[in-house]
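A quick write-up on the structure given underneath.
To find a chain, count down the sequence lines: A is the first, B the second, and so on, and within it residues start at 1.
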Number of protein chains: 2
Amino acid sequence: MPQDEIRARGLRLTPQRQLVLNAVRELGHATPEEIANTVRQMHPGINLSTVYRNLETLETAGFIIHTHLGHGGATYHAADEITHLHLVCGKCGKVDESELADAKDFVEIILKKRGFATDVTHFAIYGTCAACQVK
Amino acid sequence: MPQDEIRARGLRLTPQRQLVLNAVRELGHATPEEIANTVRQMHPGINLSTVYRNLETLETAGFIIHTHLGHGGATYHAADEITHLHLVCGKCGKVDESELADAKDFVEIILKKRGFATDVTHFAIYGTCAACQVK
DNA sequence: TAATTCAGCGCAATTACTTGCAATTAATTC
DNA sequence: GAATTAATTGCAAGTAATTGCGCTGAATTA
């Protein structure tokens, strides 16, 4: 439970912040609009700018992560639920998954050659899924 | 020269479209605003919505690519100039590069295990650069 | 070259997202 | 529990990006 962790970072644990984090966890992949709608079920008067600010604060603190699954807006998910790589088909938009271990050698090559510590959980991999390659 | 290629896809080759493509090539990594400013040097009255639409059309047609280098807006670059992976440091924002060949084995694993054909040129790799790891 | 077609344009409206600021309130201290 | 501090909020304004629509013009055809 990150409530103490939120306070440990000098942040306030406000009801709005707790609700935004809960909504991100509950929804899995979610747009800011979807998160706001979920939060409004418990807190009807919450302002959208409050949701956006909390999303940014929670991401900076490491509790959530955002990715751009295709063009347009970002989607958010809880950081501790990242257990797979996201494979996003550019043709049909389907999101498949692959084990983090599949990127292990690749991550080591980049670290050795460039000194760059990759955060493989923080990006979606674009390409074409098996079904769309047939077309 | 993709002028014939643009027409081959049933698209018109308008002066505005040509200028947008030229601007993306000239600027390398560029935001829509930067692209619009460059285009306006040759075509002062062009509308920003025209720039946005042409960016989307050119990307759909495969001439340019956009990535989200960090939070916020996208940046665009010409598709045929993709020769490296982009390594984006989440701490200082610096963009480093690594050879496409470094992802070769990783791409093969994903294709074999998931049947997913990765387009490695279409994403930025997030993490921490060598300098920021020292901190 | 003129007529025709319809992709593309400019404009204004709209949507998505961010920011400045005064008021509120979570957390701390006494 | 009261006083204090400053992070956070709601609101309105502002910026970034998208969309609907009537008109324009690139490309085709005769």
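With sequence neighbours excluded, the residues that form a side-chain hydrogen bond (donor to acceptor under 3.5 Å, both in side chains) with B:R17 are B:N54. By the side chain to side chain contact (heavy atoms under 4.5 Å, CB included) test, B:T60 is found to be paired with B:E56, residues two or more places apart in sequence or in another chain being considered. Every residue meeting the side chain to side chain contact (heavy atoms under 4.5 Å, CB included) condition with A:A61, not counting sequence neighbours, appears here in chain and number order: A:R9, A:L11, A:F63. The side-chain hydrogen bond (donor to acceptor under 3.5 Å, both in side chains) test applied to B:E34 returns B:T31, not counting sequence neighbours. Partners of B:N37 according to the side chain to side chain contact (heavy atoms under 4.5 Å, CB included) rule, which considers only residues two or more places apart in sequence or in another chain, are B:E33, B:R40. In this view, A:E26 and A:T38 satisfy the side chain to side chain contact (heavy atoms under 4.5 Å, CB included) rule, not counting sequence neighbours. Among residues two or more places apart in sequence or in another chain, the salt bridge (Lys or Arg N to Asp or Glu O under 4.0 Å) test is passed with B:E97 by none. Under the side-chain hydrogen bond (donor to acceptor under 3.5 Å, both in side chains) criterion, B:D102 pairs with A:K113, B:S98, sequence neighbours left out.
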Revision key, fill the gap. Protein heavy-atom contacts under 4.0 Å, written 5' to 3' over nucleotides 24-30 of chain D as B (base), S (sugar-phosphate only) or - (none), form the string -BBS---
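Applying the side chain to side chain donor-acceptor pair (under 3.5 Å) rule to pairs touching residues 43-52 of chain B yields B:N47-B:S49, sequence neighbours excluded.
Near DNA chain D, defined here as any heavy-atom distance below 4.0 Å, there are no residues from residues 31-47 of chain B.
Terminal axes of the helix from C:dT1-D:dA30 to C:dC30-D:dG1 (five pairs each, C1' rotation axis) are separated by 40°, to the nearest 10°.
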